[in-house]
Amino acid sequence: MVETMDPILAGRPQMAAARLEQAFSDLAACEICQHRCAVNRMDGPAGRCGAGAEPHVFSAQVEVGDELEVIPAYAVALAGCNMRCAFCITGDESWHPQRGRWYHATAIAGRASAAIESRRAESLLVLGGEPTIHLPWLLELVAAMPENARLVLKTNGLSTAPARAILAGLFDVWIVDFKFGNDACAQTLSRTPGYTSAVCETLQWAARDTDLIIRHLLMPGHVDCCWKPVAEWISSHLPTAKVSLRSGYWPSWRASDHVPLNRPLASAELSAAMETARFFNLRLVP
Ligand code: SF4
């Protein structure tokens with residue numbers, strides 16, 4: 001087991017390369033996310049996420065749709081996810097592990113480095129699907145990036161301690177989605193048992209290891225049950241954390257099966273959400 005390391009970024013590519021063997025070993029009895037399937041992914045897809053040992057990339061391009069401090073970013077989206085959010089904006093493009101195609105991580109690192117060198121991008125942003133289910137590929141990517149490149153990981157926060165130990169000190173910024181304020185909504189809308197304790201554990205770890213941005217997408221009809229408990233938890237446990245409150249919800253994929261997720265956010269809901277953020281004195285970032 002790799003222990004959590006001091007997040008000093010000197011030698012980051014070497015640190016990533018040195019952890020590769022452990023990362024492949026972890027896939028052989030995969031418990032790197034909250035679902036803890038304990039299956040061997042080295043022989044092919046076997047667990048709940050349906051991902052094997054190597055990810056497909058379904059998008060790799062410069063993007064400007066994320067938090068201001070990380071854009072423009074060369075954004076690399078890996079197919080495959082351990083959640084099934086009914087309102088997923090990319091639908092099966094992101095959760096189906098066979099969407100897109102396989103690229104060697106060094107090829108993607110070359111493109112990202114070129115974008116950063118030419119100032120078309122300020123950082124490399126890795127997202128999904130869920131990128132942390134693809135540990136070996138992530139390590140290969142980091143190992144191939146220049147030492148001083150700004151690396152950003154966007155995750156749903158379901159990684160377990162062994163996965164976080166592999167990733168410790170490798171990314172400058174973690175953007176963690178805190179989607180649901182209670183386990184019932186998480187189970188109904190994303191088929192994820194044990195959601196809140198798993199995400200809160202990751203958030204507290206990430207606040208120690210890296211520059212953390214907590215993201216919450218406001219969902220219609222879920223301001224009271226999801227945003228308010230999320231805001232209260234942040235206020236109690238990570239009061240100085242940066243919070244990115246996203247109001248651009250759009251009903252996608254299977255949202256129409258979960259009324260009221262079949263409509264955009266109402267302006268009154270946005271006002272109530274902002275009032276909650278003010279009440280808890282949260283540090284909102286654009
Ligand atoms: S990453 Fe998670 S869902 Fe996928 S096989 Fe491993 S434990 Fe299961």
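Model, not experiment: these values are computed from the prediction. Just follow the structure's listing: the first ligand is 1, and inside any ligand the first atom is 1.
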Atom 8 (Fe) of ligand 1 - number of protein N/O/S atoms closer than 2.8 Å
1

So which pairs with a foot in residues 102-121 pass ring pair (Phe, Tyr, Trp, His ring centres under 6.0 Å), sequence neighbours left out?
Trp102-His104

Side chains of Ser94 and Arg99: any donor to acceptor distance under 3.5 Å?
no

Do the rings of Phe87 and Phe180 sit parallel, tilted or perpendicular, given the 30° and 60° boundaries?
perpendicular

Quick check for you: to the nearest 0.5 Å, what is the distance between Ile133 atom CD1 and Ser159 atom OG?
11.5 Å

Do Arg12 and Leu151 come close enough that some side-chain heavy atom pair is under 4.5 Å?
yes

Between the side chains of Lys154 and Glu67, is the shortest nitrogen-to-carboxylate-oxygen separation below 4.0 Å, so that they form an ion pair?
no

